[in-house]
Number of protein chains: 2
Amino acid sequence: MPPSNESAPASPPLKIARATLHDRIVERLHDMLIEGELAPGERLNEVALAARLEVSRTPLREALRVLASQRLVTLSPHHGAFVTRMTRAEIDDAFELMSALERFSAELACERVTESEIAAIRAEHAEMMAYWARRDLPRYYRANQRIHDLINRAARNDELRETYLALNRRLHPLRLSSNRSAAKWQKAVEEHEAMLAALERRDAAELGELMRRHLLEKRDAVLEGWSHEDR
Amino acid sequence: MPPSNESAPASPPLKIARATLHDRIVERLHDMLIEGELAPGERLNEVALAARLEVSRTPLREALRVLASQRLVTLSPHHGAFVTRMTRAEIDDAFELMSALERFSAELACERVTESEIAAIRAEHAEMMAYWARRDLPRYYRANQRIHDLINRAARNDELRETYLALNRRLHPLRLSSNRSAAKWQKAVEEHEAMLAALERRDAAELGELMRRHLLEKRDAVLEGWSHEDR
DNA sequence: ATATTGCGTAATGAATGCAAAAAACAGTGA
DNA sequence: TCACTGTTTTTTGCATTCATTACGCAATAT
């Protein structure tokens with residue numbers, strides 16, 4: 001036995017572990033939040049939710065703690081869990097941070113993207129344009145998300161991607177209040193054209209700046225719709 | 001009763017809620033991780049930890065789930081909880097992301113920092129230089145952290161700050177493997193001088209680039225020490 | 001001697017029970 | 001009618017208990 005082995009701490013096994021119940025509950029609640037099945041500000045009663053999901057309170061509570069640490073739900077001791085309702089300042093900050101993540105993702109992607117990845121992005125872009133021509137907003141939105149995720153993957157930084165996705169999940173409920181005017185949508189489409197061109201030229205500074213500004217405009221569009229909807 | 005009230009969801013009370021047990025356990029484990037009381041890779045036995053903290057397993061498990069969602073511990077179903085040991089690739093990615101957060105924080109700070117905040121940073125900088133002169137690495141390190149946090153606060157973006165702090169916590173255990181050579185330390189000090197000067201000029205591009213490069217050099221220093229320590 | 005299989009033990013996953021805190025309600029008084 | 005207060009009820013926080021899975025060790029066969 002080598003002496004170094006004595007102080008070597010145990011490590012987690014690498015094998016695929018099948019999901020536990022509370023992990024699946026986290027997934028399920030994620031979906032329910034994304035689908036809007038649970039509205040911002042809504043109270044989450046533990047026994048009612050547990051009954052609805054057909055689980056006991058224990059794994060549900062563990063899941064709620066996890067979602068709370070991701071700020072998707074807000075816990076108030078002895079009062080209960082609520083679907084997080086972001087304030088104006090939080091939305092502002094979140095989009096601002098998102099603009100930085102997008103810029104950085106764009107810069108890294110320009111350095112690291114492969115030809116086949118660009119081809120995939122180009123294809124997805126074409127599909128998105130088709131949805132735009134048909135004014136199919138839901139599908140346009142999903143194609144849009146896929147493009148951003150492809151760029152994120154091309155950046156080859158899992159930490160960045162995880163952070164991006166986590167923030168994106170939090171902002172997801174706000175997506176409905178943007179792109180409602182045809183003019184804004186038109187502008188967003190043009191920006192995407194420019195972004196694709198910059199990526200093909202691998203112009204990091206240009207693409208980074210385009211994506212940063214794109215996000216800030218999205219923020220403005222969201223805040224515009226937000227001000228006369230909630231709060 | 002106004003009709004709008006019917007669909008209005010309840011909101012969490014705004015009052016200060018005193019910490020629950022599992023929140024305090026999260027805090028305590030945070031501290032233990034920061035202090036190095038729990039080493040990376042170490043296994044966390046639920047009953048042993050519960051006994052040590054004098055709590056039952058339920059709130060401890062909730063705390064472990066929270067820490068796992070922050071990637072400070074790794075859960076392996078039916079195997080247990082382990083203090084997360086970052087791989088080389090994860091460290092690489094994390095520092096790269098950190099460099100982007102620092103750059104953005106620097107850029108925002110240049111736009112938004114007040115004179116009194118600059119004064120506070122200048123004072124903390126002077127204190128840090130004193131620790132450097134005495135070769136007091138622990139205190140130097142803490143002063144360094146405070147400076148970065150002051151810049152972060154000056155950026156006026158809580159989302160950014162939270163993200164920064166969360167990532168910083170994960171990288172904290174690695175701090176020991178950097179700044180071991182006097183030359184590198186000297187260089188870091190010089191970079192800090194330049195950063196302070198750029199902040200005083202409110203030169204966003206310059207400060208951003210300085211902080212980005214500063215972080216990337218820190219990454220290299222950490223990875224250098226890392227390669228012949230663990231793994 | 002080594003590999004393999006089976007069983008016992010220990011650990012985690014999940015459910016239930018109990019106590020405390022907060023919310024809802026009713027009743028009383030002004 | 002409104003405000004206040006005492007009580008009831010609901011809901012959360014935590015401990016305990018039960019069930020399931022993984023690990024360790026030994027015995028056996030090759």
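Per chain, numbering begins at 1; letters A, B, ... match sequence-line order.
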Exercise for the section: Would you indicate which nucleotide in C/dA11, C/dA23, C/dG13 comes nearest to any side-chain atom of A/His79? Expected result: C/dA23

Fill in the blank from the handout: Separation of C/dA19 atom P from A/His78 atom NE2, nearest Å, is 16 Å

Handout entry: Options C/dT12, D/dC14, C/dG13, nucleotide nearest the side-chain atoms of B/Arg65
Key = C/dG13

Completion exercise
Note: for A/Gly80 and A/Thr58 on DNA chain D, the residue whose nearest nucleotide lies more 5' is A/Gly80

Practice task
Let me know the distance between CG of B/Leu64 and P of C/dT12, rounded to the nearest Å.
Solution key: 9 Å

Practice task
Verify the contact: side-chain N or O of A/His22 to OP1 or OP2 of C/dA14, cut-off strictly under 4.0 Å; return yes or no.
Solution key: yes

Practice task
For A/Leu21 and for A/Arg57, locate the closest nucleotide of DNA chain C by heavy-atom distance; then report the residue assigned to the nucleotide nearer the 5' terminus.
Solution key: A/Leu21

Exercise for the section: State which of C/dA14, D/dC14, D/dT11 makes the closest approach to the side chain of A/Asn45. Expected result: D/dT11

Exercise for the section: Pick base, sugar-phosphate or nothing for A/Leu60, based on heavy-atom distances below 4.0 Å to the nucleic acid. Expected result: nothing

Handout entry: side chain to side chain contact (heavy atoms under 4.5 Å, CB included), paired with B/Ser56, selected from B/Leu53, B/Leu60, B/Thr58
Key = B/Thr58

Practice task
Write down the distance between CG (A/Leu44) and C1' (D/dT11), rounded to a whole number of angstrom.
Solution key: 13 Å

Practice task
Determine whether the side chains of B/Glu102 and B/His148 contain a donor N or O and an acceptor N or O closer than 3.5 Å.
Solution key: yes

Exercise for the section: Compute whether any side-chain donor of one residue and acceptor of the other, for A/His172 and A/Asn168, lie under 3.5 angstrom apart. Expected result: no

Exercise for the section: Please check if the side chain of B/Ser76 supplies one atom and the backbone of B/His79 the other of a donor-acceptor pair under 3.5 Å. Expected result: no

Problem - Minimum-distance nucleotide to A/Arg61 side chain [options: D/dC23, C/dA14, D/dC14] - result: D/dC14

Problem - Separation of atom CD in A/Glu46 from atom P in C/dT16, rounded to whole Å - result: 15 Å

Handout entry: Spacing between A/Glu62 atom CD and D/dT12 atom C1', to the nearest angstrom
Key = 15 Å

